[in-house]
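Shown next, in structure tokens, is the structure this report addresses.
Heads up: numbering here begins at 1 and tracks the sequence. Note that ligands are numbered from 1 as they come in the structure, with each ligand's atoms numbered from 1 the same way.
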Amino acid sequence: MSSERKFPPACWAEAEGILLLRSIATGMVRLSQVANTGATTLPYPDEAQRALNSTILTCLLLKAEPPTSLLKLVEWAAHRPVDRWPAALPPDAVPPGSLLLDKATRQPTQLCYEWAVDAEDSASLYSEQRYMTIAAQRCQEEVHPEAYHAFRRLLVRRPVLTHRELTTLPAAGNGELEALGDLLRDIYQPTPASYLDQEQRTYTACARCHTLLHPTTEGGLWCERQRCRDMGTVRRGREYRADHGGGIHLLIRPLRQWVSEPGTWEIRMARRLTNNGADVELWPGFGNYGMRVRLPDGTALAVDCKDWASPALLGRQAKPPPPDPPYDRCTWVVPSARLRDRPGFRATFERYRSSSSPDLITDRELVGTVRQLVGPVALRNRHTGMALDRGDEPREGLF
Ligand SMILES: [Zn+2]
């Protein structure tokens with residue numbers, strides 16, 4: 001029986017294996033949050049205990065050997081690929097061989113967070129949404145889009161701040177952040193001790209993405225971003241003494257995963273599209289979507305950059321952004337590398353998305369199409385010094 005017939009996406013969410021996986025992912029995220037505050041004593045968080053109970057029950061029903069403790073469950077999450085857990089899962093629900101915890105650091109993987117936000121009741125706890133909504137509302141009330149932009153750029157460029165920077169930032173030439181001072185203190189938390197090099201008493205940032213590297217059990221360093229790991233060896237960036245500037249604060253994980261990382265990519269993509277002659281606005285409508293791309297014929301595209309490990313979960317999240325500012329088409333952009341490594345990625349996304357949700361294209365396809373549509377006009381205008389001619393008919397392409 002095909003996976004689609006056995007688990008149609010409509011009732012996929014209620015399948016027992018899905019509920020179990022979601023519960024384990026939520027338990028692992030919660031456990032890591034508690035462990036990162038240094039509180040590792042009993043009682044364990046309810047979510048983690050519930051995940052253990054559900055796993056044991058499922059194992060007993062399936063006559064499989066259950067994990068005997070929460071520590072065993074953590075070991076499973078760090079070593080047993082999710083598609084080999086004793087749970088009935090649709091074959092396309094998880095990327096083959098993927099783990100919920102990183103082996104060498106026991107930190108939740110990107111996939112683990114994606115599962116934790118798949119459930120409505122836990123999404124608000126583990127996603128970036130509530131913080132981004134507060135920031136957007138405050139800046140909107142003060143009619144201050146520059147403040148919202150400064151906030152987004154800070155999250156992208158500075159996932160690490162010293163305590164002194166955090167407390168003086170709004171006053172030190174960044175007045176636009178003044179209304180967001182208390183929010184900044186909520187989202188930049190004292191760095192968990194697990195990131196500290198205990199001998200040197202230092203934290204080390206990744207030279208590529210500037211978030212902190214996590215020490216591994218083998219004495220190495222690990223970057224949480226898949227894109228940095230795809231580039232091979234770890235590149236050590238800035239070192240921070242533990243007491244530097246009154247202590248080191250790290251942006252909380254959901255904002256690193258769902259705002260900083262795509263933001264880096266969105267800024268780069270906006271630059272490429274602008275260089276190719278498109279008119280690009282980042283985070284329009286106080287962040288209603290990632291960027292608004294205007295083409296010479298007046299067509300406006302709403303573009304969001306999405307780099308998710310699971311195409312099924314990404315498809316389940318897919319919905320059009322609010323129409324402010326208005327757009328003609330909306331599209332989600334994924335890295336070409338993700339589709340190259342996972343040939344079934346697009347097909348799985350398509351199976352899980354609703355008919356009204358955004359299209360999925362790669363970054364290369366977007367840049368190539370915009371270049372095709374805008375390039376000749378931009379080039380001609382560069383020579384003539386004229387404004388873009390909106391009367392030009394676009395050539396064939398994705399839009
Ligand atoms: Zn990195």
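The Zn ion (ligand 1) lies at 2.8 Å or more from every N, O or S atom belonging to His210.
Looking at residues two or more places apart in sequence or on another chain, you find a side chain to side chain contact (heavy atoms under 4.5 Å, CB included) between Leu360 and Leu314, Trp332, Val334, Phe345, Arg346, Phe349.
In this structure, a donor-acceptor pair under 3.5 Å is present between the side chains of Glu114 and Gln110.
To the nearest 10 degrees, the angle centred on the Zn ion (ligand 1) between SG in Cys206 and SG in Cys209 reads 110°. If you put the vertex on the Zn ion (ligand 1), SG of Cys223 and SG of Cys228 sit 110° apart, to the nearest 10°.
Every pair passing ring-ring contact (aromatic ring centres under 6.0 Å, His included) that includes a residue from residues 69-112 is listed here, sequence neighbours excluded: Trp76-Trp85.
For the side-chain contact (heavy atoms from CB on, under 4.5 Å) criterion with Trp283, the lone passing option out of Met132, Arg292, Glu266 is Glu266.
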